[in-house]
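Before any comments, here is the structure.
Here the structure is a predicted model, which is why all the values come from computation and not from measurement. The sequence lines fix the lettering, A, B, ..., with proteins before strands; numbering per chain opens at 1.
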Number of protein chains: 2
Amino acid sequence: MPKQARRPVVPIVVECVSPDVQAGRYSAKRLVGDRLEVGADIFKDGHDILAARVRYESPDGECRTVPMTYDQDRDRWFGSFALDGIGRWSFTVEAWTDRFATWRSGLEKKIAANVDVSLEFLEGAALIESTARRARDAAEKVALRAAALTLRDAGASLESRSTVATSAALQRSLDANYSPDDLTVFAYPLEVVVDRARAGFASWYELFPRSQSPVPGKHGTFADTEVQLPRLAKLGFDVVYFPPIHPIGRTARKGKNNTLTPAPQDVGSPWAIGNELGGHDAIDPALGTIADFDRLVAAAEKLGLEIALDYALQCSPDHPWVKEHPDWFHIRPDGSIQYAENPPKKYQDIFPIDFWCKDRENLWNACRDVLLYWVNHGVKTFRVDNPHTKPTAFWEWVIREVQREHPDVIFFAEAFTRPKKMKNLAKAGFTQSYTYFTWKNTGAELVELMTDLTGPAAEYMRGNLFTNTPDILHEYLQQGGREAFRVRLLLAATLLPLYGIYSGFELGENVAVKAGSEEYLNSEKYELRPRNFDAPGNLDEEIRLLNSARREHVALQRYTNLTFHQTDNPQILFFRKSGTSAAASGALTGTKQAETGGPARDGESSARDLLVAVNLDPKRAHHTTVEVPIAEMGIAPDEAYTVVDLLTGARYTWRGARNYVRLDPAQQPGHLLRVER
Amino acid sequence: MPKQARRPVVPIVVECVSPDVQAGRYSAKRLVGDRLEVGADIFKDGHDILAARVRYESPDGECRTVPMTYDQDRDRWFGSFALDGIGRWSFTVEAWTDRFATWRSGLEKKIAANVDVSLEFLEGAALIESTARRARDAAEKVALRAAALTLRDAGASLESRSTVATSAALQRSLDANYSPDDLTVFAYPLEVVVDRARAGFASWYELFPRSQSPVPGKHGTFADTEVQLPRLAKLGFDVVYFPPIHPIGRTARKGKNNTLTPAPQDVGSPWAIGNELGGHDAIDPALGTIADFDRLVAAAEKLGLEIALDYALQCSPDHPWVKEHPDWFHIRPDGSIQYAENPPKKYQDIFPIDFWCKDRENLWNACRDVLLYWVNHGVKTFRVDNPHTKPTAFWEWVIREVQREHPDVIFFAEAFTRPKKMKNLAKAGFTQSYTYFTWKNTGAELVELMTDLTGPAAEYMRGNLFTNTPDILHEYLQQGGREAFRVRLLLAATLLPLYGIYSGFELGENVAVKAGSEEYLNSEKYELRPRNFDAPGNLDEEIRLLNSARREHVALQRYTNLTFHQTDNPQILFFRKSGTSAAASGALTGTKQAETGGPARDGESSARDLLVAVNLDPKRAHHTTVEVPIAEMGIAPDEAYTVVDLLTGARYTWRGARNYVRLDPAQQPGHLLRVER
């Protein structure tokens, strides 16, 4: 049975340092430009005056310290510093007894009480002399010794001695040369991963490049996709995410609508990765060449867009690794390779990788090298397919490996699994995570989900609210018509700074393959799906307005500034996104864009509070009285103020806390209100 | 800058193990007879079936394991074991993939779906064979090999092979010999300190032996004190605590009422420890000899009482240590020893010890040896004076040192300091702690205090509710008359299983030395204070009834079974002490007395719920409707039930949740109600 480590015998207790995710096991997350506020409980016996500082190391290896101050109300010490670079920062807390301050404080009290302090002067002199011995600067050494001599001079007046003892110059000299005799360092170092701004604030759009040809029935190419980019830039998206672009397996290829009997021309699922033309570092020739891809990435960048790739660690039976490294897979007693299964279901087009095979080191390196290959082709964001079916230890290793050289790389976890496991993957290093948002459609469900996401979990996990995915067309969208799409879009774009839609959402595509299924009919996973994005009734204008509001308002770029407020009608959800900087302490705070071309503007209007009221019932008009959190917003109970709907331009005069709202989905399913005073 | 440890590359995640006080830094606390419920989050990728166990070591070094089971609702694993001995237990959690269960589960599903399983049988055979290789028992080895052979026999029927695969005998054999290939152990070992029952449930009485003489003006002795013990036993107390009994300093001795001009016959403060007759391991001759003390301890034991001593680590200027070890104190520039001070206040009768002096090791050993001396004279409980003015590291060390050989020793911290620091001392090892109870007299204050004490802090801290101390006579008692004493007694004796009174409380002594002070007039700290305990109006009967109810009802012996419930009148506090075993999970649960003569009885009536209603206003009658938590108590909304007041014997019929209560302090300040159905 392993034994607990021996307790260190130290004079000062330094503990409960924050932020800390599981006692130093994992790292907290922040965005570049944030200040990291470090807290600590620090105790010593008796009345000595303590001092403390944060010691931290930036990703480029520079070490600095910043003093901490004591907050009496919370009986806790705090210090903060600017996270001005991306990468892994480490920090810890140090505390010590400030012998000189302790001595001086006693001296001052005794002098005020007319107590004899001749011994105190001698004690102070000894303290100063011991500091003088350590002073490197000769002039300071001399000054310190002179001060000590004055204190030792029994002939000097009380006034002259106490003037020396309390002089600012002496204090400065002592501060500069003081070496604590009981410096106590917190038990373990802590880390914070600082990501670039887009890791915390971005609007995503998912599309299949192969569907982008203007000619129906023709396989789309990167060149066709390039043509679509200006539309997405105009709509205000930041990230364009492609499902896998690699050669697609031929063995057991899936036909249209997930059938097992494909026609010869069927394109198959892009998640069945690899054929004789290559694997995870190759491109399906029907899409183009690596040069075409590079051009697409460059074109996107010019438009302020970023291309995100899928990282799906699984192989079709035709993947080169199957021939080259059969030992990277589970080999069965007859020599065949185990295909994916969830008994009795079989997925014969997919071979799962055996991450704990004997050749683990080479396998893991190969998986990392796939990422580095695409990083070298300008891809800095990966949407990771089903990470919960691969070891957490692998993710922790590979994300660290990649980010060591490329701290700007973003990993977005598609782990639709138990919430604890999702959080575990976030702790292990994923930059962003899908959430259960698609399945939360009532007010109570949304409040519960968002409270969880923006609570303590925000220390290490960033939810990205997708309205739909190629796998998830929720019944709410199937049944609710265009109005339902508007509701979900408004929620996704305002609840959190990260959201996304999958192509076709803006057209209200809502036909499932069958009743009770969340799969699309004629799913793009198995066939080309060209679209007319100019079709009447599309949501382009609403998307453009929302993405533009997101870029203009700091309140929509922050994560933990969300609070829900009372309404009289459960069908109407009402929440505030705070625009003030003082966000919930200790959790992810706002972004101050450091990237060139970043979207945030620190203008007058950008820091305003926003209020959002959404009618969750896509079928009927509802009205309610909402309860505005005027106390938190500094509004007087009878004060009149203007709220402006950023979606319609309509202006309303509200007064105090309780105000009337009526929302007819046929007209406007919700208000996105800027508070003006 | 220290770096974070490299993450272990393990296939299974085992984390958030509970109970855990600050990531293994401190130990949780339990009582002997409790079961320790251990929880853990355990994850692996994919669908493999996991298994987990708690591995634990008892204080006598025996190692055992107990299986854990998965709770789907909480997505967490749990396992528990009986803490059947006092001392330090250690435990950790181990998890592994149950390859055979995983294989068998797939097999069963495939057979049910009529899928060909011939390869599965070969895979199962390989699993069984690898286990057979490890089997020590020859017969089991043969049986396992035979099972594998059957599975490998392509000629055998599906039925016969699957019968073998799913047989209970095979499962038993595999369980007994299985050696996991991916055993993953939680990152650090955890500890739980298991105390004897009296550490968690006891009624305390504090008295000064020197005041126990029947002759007014005569110094009391241990023999006089012995005479008082039967009274205390009859009142139902368990622990009798004495302020220091050592020789008292003569230099700067304090006179009556803390004056600096003592008369020659003044006895001084017993906390000014030590004179030429001895120090912490000596006895003031006016009290008697060590033989007298031993007799007193034995007499107490016969009555079921335990003597607790004060452990006050400070010295009078006349203490032998001052001459023998002046280097254990702070020596000033003129060679004098620094007396205690809180500038500008001076405490010239006390020399504080320098716990970090150069001779630290000998000093700490001497401090420990004082404890061991008294332990060898039968003292197993120490009330520790002002522990917050000594280093936490010292307490952590000395408590561990003493409890290593004497795990039955109890340390009770008198740390009236900031709540976080109080908790820090509890974490460091103190068995019990004073609380802010004396200063919490309104309902809101009491609810806040008790919610804090019985919340997460109960994992490591046990509050002991003293109604008064020689230092604290609260204004509420000064102003409220006998009724106030009854209110505070009822609260202290029922809110928590640990409570105490300081002598004179039962007589309603309530005169302060001056207005605005919490010091007693003619404080027993500085003079003899004989008392007539038979004086009319004493609270003996109430004390006896309460202590008897405490011994009869498990509900009053548990710590975390306290919940407060609604009343319409803020002057009436209403709470439930649950009698059922299912106390709040994860925190201190009830005591099953293991000591001989222990008070708990597991009879029919003892497990009943108790309800307590207290009128906090000692001056006026109040009435209210209380809200009984009938749902938690299994009472139907319109059900009638009887409540019996254990203090008066009165019976009331209540119905459903809302019931009327009227409390007149002149008659009865509160109800202590047993619920009968």
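Of all the listed residues (A113(B), P391(B), G46(B), A112(B)), the one sharing the greatest number of non-hydrogen pairs under 4.5 Å with chain A is P391(B). Across A126(B), A415(B), G106(B), P333(B), the residue that shares the most heavy-atom pairs under 4.5 angstrom with chain A is P333(B). Per-residue heavy-atom pair counts under 4.5 Å with chain A were compared for T92(B), I12(B), L107(B), D334(B), and the maximum is reached by D334(B). The candidate with the highest count of non-hydrogen atom pairs below 4.5 Å against chain A, out of R332(B), R76(B), E57(B), K44(B), is R332(B). Ranking N342(B), I111(B), D20(B), V115(B) against chain A, the residue ahead of the rest is N342(B), based on heavy-atom pairs under 4.5 Å. Counting heavy-atom pairs under 4.5 Å between each of E123(A), K110(A), E120(A), H388(A) and chain B puts E123(A) at the top. Contact count against chain A (heavy-atom pairs under 4.5 Å) is highest for L119(B) among L122(B), L119(B), D182(B).
If you measure heavy-atom distances from T417(B) to chain A, you find no contacts under 4.5 Å at all. Only the backbone of Y56(B) comes within less than 4.5 Å of a heavy atom in chain A; its side chain stays farther off. Only the backbone of V10(B) comes within contact range of chain A, with at least one heavy atom under 4.5 Å from a heavy atom of that chain. Interface remark: H47(B) contributes side-chain atoms only to the contact with chain A (heavy atom separation under 4.5 Å). For R360(B), the part sitting under 4.5 Å from any heavy atom of chain A is the side chain, from C-beta outward, and nothing else. Within the 4.5 angstrom heavy-atom criterion, no atom of W395(B) approaches chain A. Looking at Q338(A), only its side chain comes within 4.5 Å of chain B, counting heavy atoms on both sides. For E94(B), no part lies near chain A; criterion is any non-hydrogen pair under 4.5 Å. Heavy-atom distances place the side chain of S336(A), and not its backbone, under 4.5 Å from chain B.
Of the options R418(B), K421(B), K423(B), a salt bridge (Lys or Arg N to Asp or Glu O under 4.0 Å) to D75(A) is made by R418(B) and by none of the others.
Closest non-hydrogen pair, T389(B) versus D45(A), comes out as C-CB, 3.4 Å.
K420(A) and D41(B) are joined by a salt bridge, as a carboxylate oxygen and a charged side-chain nitrogen come within less than 4.0 angstrom of each other.
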Next on the checklist: The test is side chain to side chain contact (heavy atoms under 4.5 Å, CB included); show your working for K109(A) and E341(B) and say whether it passes.
Outcome noted: CA-CA 11 Å; K109(A) 285 177 192 158; E341(B) 57 175 8; over 6 Å; no

Next on the checklist: Set out, in order, the CA-CA distance, both residues' side-chain angles and the distance that settles side chain to side chain contact (heavy atoms under 4.5 Å, CB included) for D181(A) and W356(B), then state yes or no.
Outcome noted: CA-CA 11 Å; D181(A) 57 68; W356(B) 300 105; over 6 Å; no

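Atom CZ of R25(A) is separated from atom CD of E15(B) by 7.0 Å, given to the nearest 0.5 angstrom.
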